[in-house]
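Because the structure is a prediction, the values reported are computed rather than measured. Below, chain A is the first sequence line, B the second, and so on; all start at residue 1. Computed from heavy atoms alone, side chains included, the values below leave out hydrogens, waters and symmetry copies.
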2 protein chains.
Amino acid sequence: MPKLWNETIEAHRREVRDAILDGTASLAAEHGPLSVTMSQIAEKAGIGRATLYKYFPDVEAILHAWHAREIAGHLARLTEVLDSAEGPATRLESVLEAYALITHESHSHQDTDLGAFLHRDNGDHLAHAHQHLHHMVQHLLTDAAQAGNVRDDIPPNELTRYCLSALAAARTLPSEAAVRRLVTVTLAGVRPPQH
Amino acid sequence: MPKLWNETIEAHRREVRDAILDGTASLAAEHGPLSVTMSQIAEKAGIGRATLYKYFPDVEAILHAWHAREIAGHLARLTEVLDSAEGPATRLESVLEAYALITHESHSHQDTDLGAFLHRDNGDHLAHAHQHLHHMVQHLLTDAAQAGNVRDDIPPNELTRYCLSALAAARTLPSEAAVRRLVTVTLAGVRPPQH
DNA sequence: GCTTTATCGAGACACTTTGTCACTGTCAAT
DNA sequence: ATTGACAGTGACAAAGTGTCTCGATAAAGC
């Protein structure tokens with residue numbers, strides 16, 4: 001196996017790949033994901049159609065790759081938020097709020113839940129990126145539960161799904177203030193029930 | 001304008017239409033919605049391809065119609081539940097639980113959030129069916145808020161989005177018991193905050 | 001009952017999209 | 001300089017698409 005290539009060629013490939021993903025996202029946003037064709041994508045990306053097949057086997061794979069890139073970007077931002085907060089409760093609230101806001105602004109770009117739709121992933125990319133996110137929130141919830149800020153009568157796994165799903169509603173909300181209210185309500189659901 | 005046709009022809013059309021929708025759902029479930037073609041659908045439904053175009057203009061329209069039919073069925077079941085419950089709090093809980101269970105079992109059929117994905121609806125079918133659902137839940141929440149069972153510091157509209165979105169997590173849960181726990185948590189989010 | 005009329009269904013056609021060749025040009029390694 | 005690997009492209013066969021036209025069938029008018 002020859003040593004890996006020079007920087008130049010790999011950088012170029014990345015550029016082309018990104019152009020493909022951007023173009024596809026644009027096309028999908030404009031005419032709907034079902035009407036996107038390999039031909040359109042190739043033209044939009046400024047490459048030959050046959051070349052496109054050297055990067056991706058079909059439209060579905062491209063949409064998956066785009067979604068994975070999107071999620072990865074979100075994860076990076078969330079990790080920043082995570083690291084800059086102190087204490088289990090604060091960390092949980094900060095990350096959930098950040099997630100909701102990201103989801104909210106992603107709406108205008110009209111992307112999300114494409115992943116849920118395209119669940120032809122057989123435990124691959126989507127699973128990876130999304131499980132990463134899931135794991136992060138679950139960890140936060142477990143910590144907060146140990147600190148007594150979160151109910152412990154429900155498995156953390158299920159609380160995590162609840163949080164992520166509830167906050168997905170941020171996509172449909174009109175204002176940032178509404179998103180913050182959504183976070184409030186969602187957090188109210190995970191607090192220990194009083195008796 | 002000639003009076004509308006006899007029952008027979010219309011019944012036949014409905015049969016064919018249903019066969020198309022069923023076949024499409026089956027194909028979409030098996031190979032993913034993006035790879036479904038008009039040719040496959042026609043063959044599966046047992047009609048000529050050209051005939052299929054007399055019913056629907058393209059795959060997207062068929063998926064929309066199938067989704068609308070699905071939602072309509074769910075709505076009918078929810079309306080039953082709604083009518084057989086007494087009192088604002090009980091009604092809210094019953095309907096939300098029923099919705100979660102329906103979502104849960106719909107998972108195996110792998111359908112939902114296809115609607116969210118195909119938001120090429122310009123205020124049409126999807127809007128109609130889904131807004132009907134939204135309206136039902138919002139009404140329940142408003143009643144329950146007036147009775148003091150639900151917080152009134154958040155607009156009912158937003159609480160509704162929260163509920164429906166949170167309960168969508170039922171799709172990914174493994175057991176019915178987990179779904180009931182999800183309903184518990186979701187309801188905890190909408191209760192009046194204590195001070 | 002028989003014609004009229006509307007519409008269902010299918011064969012056929014022109015066009016687009018798809019997936020895969022074989023081929024050229026370029027860069028890195030020896 | 002030669003070799004090997006790979007990006008990129010034009011070309012081709014196959015599949016899918018949308019439309020048109022034509023025959024068959026069932027309701028409606030006389």
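The side-chain hydrogen bond (donor to acceptor under 3.5 Å, both in side chains) check on A/His135 picks up nothing, with sequence neighbours excluded.
Of the residues in residues 45-58 of chain A, those placing a heavy atom less than 4.0 Å from an atom of DNA chain D are A/Ile47, A/Gly48, A/Arg49, A/Ala50, A/Thr51, A/Lys54, A/Tyr55, in numerical order.
The CD atom of A/Gln40 sits 13 Å away from the P atom of C/dT16 (whole-angstrom rounding). Rounded to an integer number of Å, the gap from B/Arg13 CZ to C/dA6 P is 16 Å. With rounding to whole Å, A/Glu15 atom CD is found 15 Å from D/dA7 atom P. Following rounding to the nearest Å, B/Ile41 (CD1) and D/dG18 (P) show an atom-to-atom distance of 11 Å.
No donor-acceptor contact under 3.5 angstrom links the side chains of B/Glu60 and B/His64, judged on distance only.
Using a 4.0 Å cut-off between charged side-chain N and carboxylate O, B/Arg77 and B/Glu105 make a salt bridge. Ion pairing between A/Arg180 and A/Glu97 holds under the 4.0 Å rule for side-chain N and carboxylate O. A salt bridge links B/Arg69 with B/Asp22; the closest basic N to acidic carboxylate O contact falls under 4.0 Å.
Listed pair A/Thr37 / C/dT16 fails the phosphate criterion, with no side-chain N or O lying under 4.0 Å from OP1 or OP2.
Here A/His31 contributes atom NE2 and A/Ser26 contributes atom OG; the two are 8.0 Å apart, rounded to the nearest 0.5 Å.
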